[in-house]
Student: 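Sharing a structure with you now.
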Amino acid sequence: METSPPKTGPPIIEMKGVSVGSMRDQSVTVLKDVDWETEPGDYWILAGLQGTGKSDFLMMAAGLMPPATGTYRLWGEPMPIFDEARLPIRLRLGVVFDGGQLFNHLTVAGNIALPLRYHRNLPEEAVLEQTQRWMEATELESWADSTPGNLARNWQKRAGLARALILQPKILLVDNPLGGLDLRHANWWLRFLDQLSKGHPLMEGRPVTLVVTASDLRPWQNRAKQFAILREQRFVVLGTWTQLEAASQELLHELLVEERRA
């Protein structure tokens with residue numbers, strides 16, 4: 001019988017009564033009354049149709065904007081975190097933006113290395129070595145000296161992933177990783193996130209807690225551990241895939257056929 005993993009420590013993310021505003025207009029509420037916890041080792045898929053607030057929610061969870069109402073704590077610390085004293089807590093969290101959100105005045109290698117140069121006092125040789133490892137892991141070596149504008153969207157996404165992972169975060173938020181990708185690149189993401197969830201060698205074998213947004217639930221069957229949907233300003237936790245299948249078919253119908261409707 002499929003069960004949720006046992007709790008191994010305090011929640012990484014803890015939200016109580018959280019409402020989320022739109023990134024474009026904070027006066028517009030996209031989600032209301034979110035009560036949600038993320039435990040170490042979780043692998044969440046947050047699914048919803050376009051316009052349901054998936055990216056807004058993830059950016060709020062990343063600390064890029066505050067919740068409109070309610071409380072949000074990251075490892076017990078109030079979010080968002082802006083002060084230097086608590087920055088090490090914030091750096092345990094990595095974010096992969098939809099499309100990568102890279103700096104076009106930097107090369108791909110420069111984008112990936114940026115967090116190390118900004119947050120770690122390392123010799124340049126060590127920075128270059130770690131950057132090279134992540135470029136190899138994401139198959140970006142041939143694009144190292146290119147600027148992001150010369151890359152297709154699929155490679156921009158991978159560069160954003162490498163940049164987010166180079167500080168070895170304990171939790172990774174990933175916005176719409178499969179969006180706009182062909183089957184080959186989508187399968188690469190599914191396999192790579194599986195590795196991160198189980199313990200990637202470049203993360204010293206330590207499993208990374210994952211929170212991923214998606215429009216279609218089906219690719220994540222037998223991969224993710226927990227599922228939730230965003231619908232009509234609600235954040236609905238469905239639990240495991242077995243629990244998801246037992247949920248209201250009417251509630252899930254929109255998500256499961258989303259690609260055919262698009």
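Atom set for the values below is all heavy atoms of this structure, side chains included, hydrogens, waters and symmetry mates excluded. Small disclaimer: the values here were computed from a predicted structure and weren't measured.
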Student: Show every salt bridge (Lys or Arg N to Asp or Glu O under 4.0 Å) that has at least one partner inside residues 14-28, sequence neighbours left out.
Tutor: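 Salt bridge (Lys or Arg N to Asp or Glu O under 4.0 Å) check on residues 14-28 returns E14-K16.
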
Student: Less than 4.5 Å apart, side chain to side chain, heavy atoms only: is that true for E39 and P11?
Tutor: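 Side chain of E39 against side chain of P11, heavy atoms only: contact under 4.5 Å found.
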
Student: Name all pairs fulfilling the ring pair (Phe, Tyr, Trp, His ring centres under 6.0 Å) condition that reach into residues 59-92, sequence neighbours left out, sorted by first residue then second.
Tutor: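 Ring pair (Phe, Tyr, Trp, His ring centres under 6.0 Å) check on residues 59-92 returns no pairs.
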
Student: So, T107 versus D145: side-chain donor-acceptor pair below 3.5 Å or not?
Tutor: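 Looking only at side-chain atoms, D145 and T107 do not form any donor-acceptor pair under 3.5 Å.
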
Student: My understanding is that only residues two or more places apart in sequence, or in another chain, count here; which of them pass side chain to side chain donor-acceptor pair (under 3.5 Å) with S19?
Tutor: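 Scan of S19 (side chain to side chain donor-acceptor pair (under 3.5 Å), adjacent residues dropped) gives T69.
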
Student: If a pair satisfies salt bridge (Lys or Arg N to Asp or Glu O under 4.0 Å) and one of its residues is in residues 96-117, list it, with sequence neighbours excluded.
Tutor: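 Residue pairs with at least one partner in residues 96-117: D98-R153, D98-K157, R117-E124.
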
Student: Is there a side-chain contact between I166 and I112 in this structure, where contact means two heavy atoms from C-beta onward sitting under 4.5 Å apart?
Tutor: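 Result yes, sub-4.5 Å side-chain heavy-atom pair found.
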
Student: Using the six-membered ring wherever Trp is involved, compare the ring planes of W36 and W44 and label them parallel, tilted or perpendicular (cut-offs 30° and 60°).
Tutor: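 It falls in the perpendicular class, over 60°.
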
Student: With sequence neighbours excluded, tell me which residues meet side-chain contact (heavy atoms from CB on, under 4.5 Å) with Q26.
Tutor: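 Once residues adjacent in sequence are excluded, the partners of Q26 under the side-chain contact (heavy atoms from CB on, under 4.5 Å) criterion are M65.
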
Student: Have N150 and T147 got a donor and an acceptor in their side chains that come within less than 3.5 Å?
Tutor: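 Side chains of N150 and T147: pair found under 3.5 Å.
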
Student: Does CG in D182 sit with more than 12 non-hydrogen atoms of other residues, nucleotides or ligands closer than 6.0 Å?
Tutor: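 More than 12 within 6.0 Å, yes.
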
Student: After noting the C-alpha distance and the side-chain angles of F227 and W220, does the key distance pass the ring pair (Phe, Tyr, Trp, His ring centres under 6.0 Å) rule?
Tutor: CA-CA 9 Å; F227 296 83; W220 308 97; 8.5 Å; no

Student: Under 6.0 Å from the six-membered ring centre of W143 and within 45° of its axis: does the NZ or CZ of R158 meet both?
Tutor: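 Judged by the rule (NZ or CZ under 6.0 Å from the ring centre, within 45° of its axis), R158 is not positioned above W143.
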
Student: Using the six-membered ring wherever Trp is involved, compare the ring planes of F192 and H200 and label them parallel, tilted or perpendicular (cut-offs 30° and 60°).
Tutor: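 Geometry flag for H200 against F192: tilted rings.
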
Student: Sort and list the pairs that fulfil salt bridge (Lys or Arg N to Asp or Glu O under 4.0 Å) and have at least one residue in residues 64-88, not counting sequence neighbours.
Tutor: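 Residue pairs with at least one partner in residues 64-88: E77-R86, D83-R86.
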
